[in-house]
Amino acid sequence: MSDIGYLDGKVPTGPIDEKWTSHKFNMKLVNPANKRRYEVIVVGTGLAGASAAASLGELGYNVKVFTFHDSPRRAHSIAAQGGINAAKNYKNDGDSVYRLFYDTVKGGDFRAREGNVYRLAEVSVDIIDQCAGQGVPFAREYSGLLDNRSFGGAQVSRTFYARGQTGQQLLLGAYQALARQIRAGSCTLYNRTEMLDLVVKDGAARGIVVRDLMTGEVTSHSAHAVVLATGGYGNVFYLSTNAKGSNTTATWRAHKRGALYANPCYTQIHPTCIPASDDFQSKLTLMSESLRNDGRIWVPKNPADTRSPDQIPEADRDYYLERRYPAFGNLVPRDVASRNAKTQVDEGRGIGPLKNGVYLDFGDAINRVGAQVIKERYDNLFEMYERITDEDPYKVPMRIYPAVHYTMGGLWVDYNLMSNIPGLYVLGEANFSDHGANRLGASALMQGLADGYFVLPYTIGDYLAGMLGEKPLDTSDPAFKQSEAEISDQVKRLLSLRGKQTVDQLYRKMGVDVVWAKCGMARNEQGLKEAISDIRAIRDEFWSDINITDQSQTMNQSLEKAMRVSDFIDLAELMCKDALHREESCGGHFREEYQTPDGEALRNDDQFAYVGAWEWTGESGQQKLHKEELAFEYVKLAQRSYK
Amino acid sequence: MRITLKVWRQDGPTSPGSFETYDVPGVSPDMSFLEMLDVVNDRLTLDGKRPIVFEHDCREGICGSCGMIINGVPHGPEKGTATCQLHMRKFHDGDQIVVEPWRAAAFPVIRDVAVDRSAFDRIIEAGGYISTPTGAAPDANLTLIPKPVADAAMDAAACIGCGACVAACPNSAAQLFTSAKLAHLNLLPQGQAERWARTEAMVETMEEFFGSCTNHGECREACPKEISIDFIAMMNRDYVKAKRKNRKLLSQIR
Ligand SMILES: Cc1cc2nc3c(=O)[nH]c(=O)nc-3n(C[C@H](O)[C@H](O)[C@H](O)COP(=O)(O)OP(=O)(O)OC[C@H]3O[C@@H](n4cnc5c(N)ncnc54)[C@H](O)[C@@H]3O)c2cc1C
Ligand code: SF4
Ligand code: FES
């Protein structure tokens with residue numbers, strides 16, 4: 001296996017603003033009549049998967065679409081609130097493709113590939129047109145023109161939104177486009193079907209093995225190419241803002257078949273979530289970052305201050321972000337905002353019953369523009385907050401605290417979004433591509449849709465063109481049969497476990513007590529080493545001490561969860577290994593040993609300006625590192641400053 | 001808090017089901033309803049019993065996965081709230097809480113309180129889209145959309161496809177769900193070209209699966225997104241018009 005050697009991102013040569021155009025021209029095309037001779041598998045129906053499947057179907061390919069959800073519309077993308085970036089410059093405030101590119105590279109703390117990011121910024125404008133054309137009800141001004149808001153890490157207003165439900169509306173747009181193709185027969189949907197293995201033969205991806213969640217049946221599907229758009233792995237922390245079902249199984253199992261897992265330690269902690277209330281907490285709820293447009297973040301200056309927030313006069317409040325970062329204020333990037341909140345809480349100035357939050361105060365904004373305008377902007381978020389906490393944010397400031405939200409790491413892909421396994425493409429949050437070590441707000445929706453609507457449909461043609469006349473591998477091939485047998489064995493083994501813990505109990509212990517505690521917002525060498533040995537112990541416990549009482553092959557949620565958790569355990573170990581090896585701080589990866597005197601992340605560009613991509617070698621924790629060196633030709637390497 | 005939970009347990013689509021009763025001590029008022037069920041499930045597992053199957057994902061009231069009938073009401077007692085956003089502080093110590101699946105012929109029970117709602121997908125596939133192949137759209141600001149129109153379309157588009165409207169309806173009708181999608185698309189300028197064909201196709205597909213609407217209005221009461229019943233009136237008007245227009249259009253090409 002180990003002849004991957006030098007990792008080539010395959011970024012086309014030429015000036016940055018011409019790369020994509022010339023690449024599109026240079027790629028091979030599949031002629032329209034031949035497209036129907038190709039089978040493509042798309043796993044995942046979130047923004048990335050649904051947009052890809054619909055677009056490929058429209059082009060004429062035969063597409064098989066898989067999701068473990070009952071309907072494509074339930075994918076985790078549905079929950080995105082705040083908005084989607086695009087360099088439209090409709091506001092005439094100085095935005096441009098180049099500025100969005102620049103902001104993204106800088107926001108990502110110089111750990112992303114310039115060529116990819118530029119393309120992302122370039123196609124961002126087409127995404128808005130595409131979605132508006134589909135009927136996505138973006139917010140409008142009274143003129144009838146599209147409205148924008150600003151988001152962290154940017155000084156221009158380039159974020160398009162549909163109330164606080166942008167992800168929902170974009171996903172419904174993509175789902176509806178997919179539904180149209182299902183109706184037309186170009187796409188076939190396999191819902192409630194979970195991919196459990198990737199089949200690789202003669203060095204290329206040939207298909208997948210899936211389990212029907214309704215019947216327990218394990219079957220194989222072959223194709224000319226496999227596209228994974230299976231989302232991020234934030235649930236490795238147990239508590240996160242991700243939907244409960246989000247998991248790493250598809251990407252992890254592809255990793256075990258040879259796909260490189262890149263930068264797993266780059267995880268994003270979102271600054272504005274509702275603090276945890278008790279031990280029963282099953283997930284954390286995000287309050288969209290767009291709230292930072294109008295909300296001001298503060299803590300009492302005196303840690304012993306027990307007055308209710310409205311009784312604390314201005315002079316006794318510390319608006320610490322505005323004080324420390326006058327240029328960006330409350331709109332600093334996420335990693336900076338999160339770390340600052342952690343510092344406040346760690347130093348005892350946290351607020352709320354558990355002293356585990358900071359205030360996000362709308363008092364000034366309500367005085368300035370009126371409660372009605374605030375209601376129009378954020379009503380559903382305010383409602384959601386009140387429902388959860390029983391407190392009215394129109395009257396008392398919100399309590400917020402950072403929570404795991406997004407994972408920048410993922411399967412390694414080249415400029416064409418192809419992994420190191422030929423024929424395996426990875427899109428959306430599942431890949432590692434465009435956000436470096438930190439993602440800017442409103443850029444995940446942009447990336448998912450860019451990948452699915454505007455990148456993959458071109459690049460996949462270049463690969464498929466070379467396979468004209470080839471038939472997909474027959475599913476009776478031993479490669480498929482062997483994988484089916486392995487999965488059936490795993491199911492049997494899990495169902496036979498009769499220990500003393502539930503899967504959730506162990507999962508929480510790993511996620512909260514180990515991964516969050518030692519590989520969360522701040523990491524250090526000793527903690528990471530401990531975490532690795534803790535995780536190994538947890539793995540042993542998992543395979544001996546959990547109990548699955550539901551023995552059925554029909555809808556069996558305990559079994560589904562156990563399989564996903566078993567992969568999370570292995571991923572957690574790799575995450576810590578990656579975090580340990582990266583002896584620098586950058587973006588969402590903050591190593592306490594590497595910081596500037598005033599507590600900002602301290603990168604080490606000489607040694608770590610590379611993508612760390614790990615190769616499975618047959619045993620958990622024994623992955624081998626491959627490096628893709630990053631070159632910064634356009635955005636000059638510099639310490640980020642938001643002062 | 002201590003509550004008594006009476007839950008519908010059913011092994012599979014064709015197995016008979018029945019209620020089982022559980023004593024649940026140690027409920028915190030800050031728990032969400034689903035977190036309470038998580039606790040019950042952990043206890044059942046540790047007792048060697050089979051946990052309750054219920055669907056959920058986002059736990060933020062947006063994915064539409066969750067949904068059960070709680071004390072006779074879809075999504076439970078709090079208005080405009082999906083099951084996952086309901087908190088135990090809405091109940092009292094000593095309460096008995098009865099939990100059942102959606103009951104509708106078009107939503108067969110899969111297991112316990114999980115049901116199959118794929119009939120909704122069939123309605124969308126019938127025409128719940130604006131055909132815009134990737135790359136074909138004009139600049140977004142070329143189509144001006146008056147703010148009130150965009151807002152009304154967004155109100156309709158807020159539907160999460162949970163199926164509570166069907167569960168609440170004495171006839172198991174899906175009018176609120178279908179009309180919400182039709183209103184979203186039919187209100188927008190981009191949606192006009194396919195308006196009449198879309199309306200006819202979606203309404204007729206709906207009728208293949210679901211019962212007929214007799215204006216009880218229970219759907220609106222149960223809807224976690226408080227989708228307006230006015231959209232049903234709009235759908236009915238559009239359907240009558242569609243019948244006429246589609247016929248007229250077709251007659252021109254014959
Ligand atoms: C609360 C919240 C708010 C957010 N808000 C914003 C925002 O305002 N702006 C922004 O840009 N980003 C936001 N994000 C991030 C953004 O929503 C996600 O990064 C993005 O939606 C991911 O899309 P995706 O298509 O890659 O994956 P997902 O939407 O996660 O979809 C994954 C799909 O893969 C399927 N799947 C996974 N594994 C398997 C398997 N083994 N077999 C079969 N199917 C499988 C699932 O069924 C699903 O269909 C937010 C995230 C959260 C958590
Ligand atoms: S109309 Fe309301 S109740 Fe019906 S599916 Fe939509 S959100 Fe659920
Ligand atoms: S779990 Fe998503 S709406 Fe309730």
Side-chain angles (χ1 to χ4, degrees), chain A residues 54-55 58 69-71 73-74 76 78-79 90 128-130 132-135 137-146 162-163 165 168-169 172 176-177 179-180 182-183 191 214 243-245 277-278 280-283 285 384 387-388 390 453-454 457 502 504-505 547 549-550 554-555 557-558, chain B residues 12 28 30-31 34-35 38-39 42 45-46 48-51 53 56-65 81 85 87 89 110-111 114 116-118 120-121 124-126 128-134 136-141 143-147 150 153-154 157-158 161 184-185 188 190-191:
Chain A
S55 305
E58 286 161 5
H69 286 99
D70 64 322
S71 164
R73 66 181 294 154
R74 311 261 190 244
H76 162 62
I78 201 92
Y90 280 159
I128 301 305
D129 299 342
Q130 180 62 31
Q134 292 168 342
F138 284 122
R140 301 269 164 175
E141 296 174 342
Y142 281 99
S143 59
L145 296 166
L146 288 155
R163 284 196 196 141
Q165 291 123 280
Q168 178 195 30
Q169 295 310 316
L172 291 179
Q176 288 162 199
R180 178 168 160 259
I182 292 172
R183 175 75 163 197
N191 65 334
M214 295 296 95
K244 291 290 282 180
S277 70
D278 55 36
F280 304 110
Q281 191 90 29
S282 60
K283 74 159 287 191
T285 302
M384 177 145 64
R387 218 176 262 137
I388 293 174
D390 220 14
Y453 283 133
F454 295 109
T502 67
D504 254 343
Q505 287 173 327
N547 190 350
T549 50
D550 191 345
T554 57
M555 195 179 201
Q557 295 170 324
S558 320
Chain B
S28 145
D30 284 333
M31 274 180 187
L34 300 186
E35 283 166 354
D38 291 341
V39 169
D42 263 2
T45 305
L46 294 174
K49 302 202 178 97
R50 176 170 83 72
V53 173
H56 64 97
D57 199 23
C58 72
R59 298 203 175 192
E60 290 186 6
I62 193 76
C63 73
S65 298
T81 303
Q85 293 187 294
H87 280 71
R89 64 177 80 94
I110 299 170
R111 237 183 156 197
D116 179 1
R117 285 167 285 198
S118 41
F120 272 3
D121 289 320
I124 301 298
E125 285 158 16
Y129 42 76
I130 293 172
S131 301
T132 312
T134 303
D139 185 275
N141 258 350
T143 314
L144 296 183
I145 305 183
K147 189 171 184 308
M154 181 63 225
H184 162 206
L185 302 175
L188 292 171
Q190 307 93 301

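Letters A, B, ... are given to chains in the order of the sequence lines, protein chains preceding strands, and every chain is numbered from 1. Predicted model, so just to flag it, every value in this text is computed and none were measured.
- The contact between A:Ile182 and chain B is made entirely by side chain atoms (from C-beta outward), counting heavy-atom distances below 4.5 Å.
- Here the straight-line distance linking atom CD1 of B:Ile130 with atom CD of A:Gln134 works out to 8.5 Å at 0.5 Å rounding.
- With a 4.5 angstrom heavy-atom cutoff, B:Ala126 touches chain A via backbone and side-chain atoms both.
- Most heavy-atom pairs under 4.5 Å with chain B: of the set A:Arg183, A:Lys283, A:Arg163, this distinction falls to A:Arg163.
- Side-chain atoms of A:Gln165 do not come within 3.5 Å of backbone N or O of B:Ala158 as any donor-acceptor pair.
- Contacts with chain A were tallied for B:Leu46, B:Leu188, B:Val39; B:Leu46 has the most, counting heavy-atom pairs under 4.5 Å.
- At a threshold of 4.5 Å between non-hydrogen side-chain atoms, the residues B:Asp139 and A:Tyr90 count as touching.
- Looking at A:Asn547, both its backbone and its side chain come within 4.5 Å of chain B, counting heavy atoms on both sides.
- With a 4.5 angstrom heavy-atom cutoff, B:Asp38 touches chain A only via side-chain atoms.
- Side-chain contact annotation: B:Asp42 with A:Thr502, donor-acceptor N/O pair under 3.5 Å present.
- Using a 4.5 Å cut-off between heavy atoms, B:Ile110 touches chain A through its side chain atoms alone.
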Please step through side chain to side chain contact (heavy atoms under 4.5 Å, CB included) for the pair A:Arg180 and B:Glu125, ending with a clear verdict.
-> CA-CA 6 Å; A:Arg180 178 168 160 259; B:Glu125 285 158 16; over 6 Å; no
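- The main-chain N or O of A:Ala243 is never found under 3.5 Å from a side-chain atom of B:His56 such that the two would form a donor-acceptor pair.
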Step-by-step side chain to side chain donor-acceptor pair (under 3.5 Å) determination, B:Asp57 to A:His69 | CA-CA 9 Å; B:Asp57 199 23; A:His69 286 99; 2.6 Å; yes
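- Taken to the nearest 0.5 Å, the CD atom of A:Gln176 stands 10.5 Å off from the OG atom of B:Ser131.
- Side-chain contact between B:Pro133 and A:Gln130 is absent, with no heavy-atom pair separated by less than 4.5 Å.
- Here CD1 of A:Ile388 is found 6.5 Å from CD of B:Gln85. Values are rounded to the nearest 0.5 Å.
- Note that the CD atom of A:Gln281 and the CE atom of B:Met31 stand 10.5 Å from one another [nearest 0.5 Å].
- The contact between A:Ser71 and chain B is made by backbone and side chain atoms together, counting heavy-atom distances below 4.5 Å.
- To the nearest 0.5 Å, the span separating CZ on B:Arg89 from CZ on A:Arg387 amounts to 11.0 Å.
- Looking at B:Gln190, only its side chain comes within 4.5 Å of chain A, counting heavy atoms on both sides.
- Between A:Gly133 and B:Thr132 the shortest heavy-atom distance is O-OG1, 3.1 Å.
- Inspection of the B:Thr134 and A:Glu58 side chains reveals an N or O donor paired with an N or O acceptor under 3.5 Å.
- Ranked by non-hydrogen atom pairs under 4.5 Å with chain A, the options B:Gly64, B:Ala150, B:Ser118 are led by B:Gly64.
- In this structure, CG on A:Asp390 lies 8.0 Å from CG on B:Asp30, to the nearest 0.5 angstrom.
- Not one N or O on the side chain of B:Asn141 forms a donor-acceptor pair closer than 3.5 Å with the backbone of A:Leu145.
- Contact of the B:Arg111 side chain with the A:Gln557 side chain is not registered, since no non-hydrogen atoms from C-beta on lie closer than 4.5 Å.
- No other option in A:Ala139, A:Pro137, A:Ala54, A:Ala79 has as many heavy-atom pairs under 4.5 Å with chain B as A:Pro137.
- Of the listed residues (A:Leu172, A:Thr285, A:Asn191, A:Ile128), the one with the most heavy-atom contacts under 4.5 Å to chain B is A:Thr285.
- For B:Val53, the parts lying under 4.5 angstrom from a heavy atom of chain A are both the backbone and the side chain.
- Using a 4.5 Å cut-off between heavy atoms, B:Pro138 touches chain A through its backbone atoms (N, CA, C, O) alone.
- Side-chain atoms of A:Asp550 and B:Pro51, non-hydrogen and from C-beta on, do get closer than 4.5 Å to each other.
- Between B:Ser28 and A:Asp278 the shortest heavy-atom distance is OG-OD2, 3.6 Å.
- The candidate from B:Ser65, B:Ala153, B:Pro146 with the greatest count of non-hydrogen atom pairs under 4.5 Å with chain A is B:Ser65.
- Contacts of B:Thr143 with chain A are made by backbone atoms alone, with heavy-atom separations under 4.5 Å and no side-chain atom involved.
- A:Ser558 touches chain B through its side chain: at least one heavy atom from C-beta onward sits under 4.5 Å away, while N, CA, C and O do not.
- Residues A:Glu141 and B:Lys147 form no side-chain contact, since every pair of their non-hydrogen atoms from C-beta on lies 4.5 Å or further apart.
- Most heavy-atom pairs under 4.5 Å with chain A, from the set B:His87, B:Arg50, B:Met154: that is B:Met154.
- Ranking B:Gly61, B:Gly191, B:Gly48, B:Gly12 against chain A, the residue ahead of the rest is B:Gly48, based on heavy-atom pairs under 4.5 Å.
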